[in-house]
Amino acid sequence: MTNIYLKENMMRKHESFEELEPLLQLFVGDWIIEGLNSSFAPNSVDTPLSGTQHVIFMESGRLVEAHWKYEYKGGDKHYGISIIGKAQEKEKTECHNFDNIGFHRVYDCHFTENTWVLTGKSERATIKFDKNGMSYKEFWEVKKNGKWQSLCERIGVKTT
């Protein structure tokens with residue numbers, strides 16, 4: 001009886017990852033990024049940006065690792081790493097971002113067929129992939145004085 005219980009729990013973990021894996025697969029690859037910070041951005045206000053993202057499955061295959069580098073017209077740079085997935089002890093999928101500014105942000109992730117919604121304490125994003133998974137549009141908002149306001153918009157085009 002114990003073996004059946006363990007096997008069922010292990011299967012549930014794999015089933016939940018198997019449901020998540022094709023959605024994460026959309027993001028895996030190399031990306032060229034173009035975008036624009038809004039007037040509510042804390043830095044590089046109303047400034048165009050360009051950059052790259054390199055996204056892979058970690059060796060375990062259960063988490064996604066994204067390295068991103070953005071440069072803003074005028075010289076500011078924003079770069080970091082994101083780890084996306086579901087830790088074994090957690091029920092929900094999360095995205096952990098670490099950046100050169102010194103922030104560590106945690107976002108709850110909700111996925112549908114081609115839309116990702118990331119929600120944090122003071123930032124949130126909606127990312128919509130095209131039907132082929134070769135591009136996406138990303139809309140970020142920041143909470144200021146209790147109201148959500150535009151932070152930035154980005155477009156990603158997959159190169160691999």
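Since the model is a prediction, treat every value here as computed from it, not as a measurement. If you read the sequence from its start, that first residue is 1, and numbering goes on from there.
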On a heavy-atom basis, the closest approach of Leu151 and Ala41 is CD1-CA, 3.7 Å
query: Within 45° of the ring axis of Trp140 and under 6.0 Å from its six-membered ring centre, is that where the NZ or CZ of Arg124 lies?
result: no
**Asked** Is there a donor-acceptor contact under 3.5 Å from the side chain of Asp130 to the main chain of Asn132?
**Response** yes
CD (Glu138) and CD (Gln53) are apart, to the nearest 0.5 Å, by 6.5 Å
Value for CD (Glu71) from OG1 (Thr52), rounded to nearest 0.5 Å, stands at 8.5 Å
*Counting heavy atoms not belonging to Lys73, are there more than 12 under 6.0 Å from its NZ?*
no
Applied to residues 33-49, the side-chain hydrogen bond (donor to acceptor under 3.5 Å, both in side chains) test, sequence neighbours excluded, yields Ser44-Asp76
Determine, stepwise, if the pair Val157 / Met134 fulfils side-chain contact (heavy atoms from CB on, under 4.5 Å).
CA-CA 6 Å; Val157 177; Met134 296 303 292; over 6 Å; no
Of all heavy-atom pairs linking Ile84 and Cys95, the shortest is CG1-SG, 3.7 Å
Within a strict 4.5 Å, meaning less than it, do heavy atoms of the Leu49 and Arg154 side chains meet?
yes
### Query
Are any non-hydrogen side-chain atoms of Glu65 and Val55 less than 4.5 angstrom apart?
no
- Measure the shortest side-chain to side-chain distance between Lys147 and Asn145 over non-hydrogen atoms and say whether it is less than 4.5 angstrom. no
Test your reading of the model: is there a side-chain donor-acceptor pair from Asn114 to the backbone of Phe129, 3.5 Å cut-off? yes
TODO: State, yes or no, whether a side-chain contact exists between Val64 and Ile83 at a heavy-atom distance under 4.5 Å.
DONE: no
Anything under 3.5 Å between a donor and an acceptor, one on a side chain of residues 23-32, the other on a protein residue two or more places apart or in another chain? List them.
residue: Asp30; atom: OD1; partner: His54; partner atom: ND1; Å: 2.4
residue: Asp30; atom: OD2; partner: Thr160; partner atom: OG1; Å: 3.3
residue: Trp31; atom: NE1; partner: Phe27; partner atom: O; Å: 2.9

Requested in this report: Decide yes or no for Leu118 and Ile127: does some side-chain heavy atom of the first lie under 4.5 Å from some side-chain heavy atom of the second?
Outcome: yes
Please tabulate, for the side chains in residues 99-107, all donor-acceptor contacts under 3.5 angstrom to protein atoms that are two or more places apart in sequence or on a different chain.
residue: Asp99; atom: OD1; partner: Ile101; partner atom: N; Å: 3.0
residue: Asp99; atom: OD1; partner: Gly102; partner atom: N; Å: 3.1
residue: Asp99; atom: OD1; partner: Phe103; partner atom: N; Å: 2.9
residue: Asp99; atom: OD2; partner: His78; partner atom: NE2; Å: 2.9
residue: Asn100; atom: OD1; partner: Tyr79; partner atom: N; Å: 2.9
residue: Asn100; atom: ND2; partner: Lys77; partner atom: O; Å: 3.3
residue: His104; atom: NE2; partner: His96; partner atom: ND1; Å: 3.1
residue: Arg105; atom: NE; partner: Glu123; partner atom: OE1; Å: 3.2
residue: Arg105; atom: NE; partner: Glu123; partner atom: OE2; Å: 3.4
residue: Arg105; atom: NH2; partner: Glu123; partner atom: OE2; Å: 3.4
residue: Tyr107; atom: OH; partner: Glu123; partner atom: OE1; Å: 2.4

Self-check item: Asp108 vs His110 side-chain heavy atoms within contact, under 4.5 Å
Solution: yes
Distance col, row Lys92:NZ vs Cys109:SG, nearest 0.5 angstrom, shows 10.0 Å
Distance col, row Ser150:OG vs Lys144:NZ, nearest 0.5 angstrom, shows 10.5 Å
When every non-hydrogen atom of Ser82 is compared with those of Trp68, the smallest separation belongs to OG-NE1, 3.0 Å
* Asked: Under a 4.5 Å side-chain heavy-atom rule over Ile, Leu, Val, Met, Phe, Trp and Tyr, are Tyr136 and Phe111 clustered together?
  -> yes
Here the pair of heavy atoms bringing Trp148 nearest to Gly120 is CH2-O, 4.1 Å
d(Ile81 CD1, Phe98 CZ) to nearest 0.5 Å is 8.0 Å
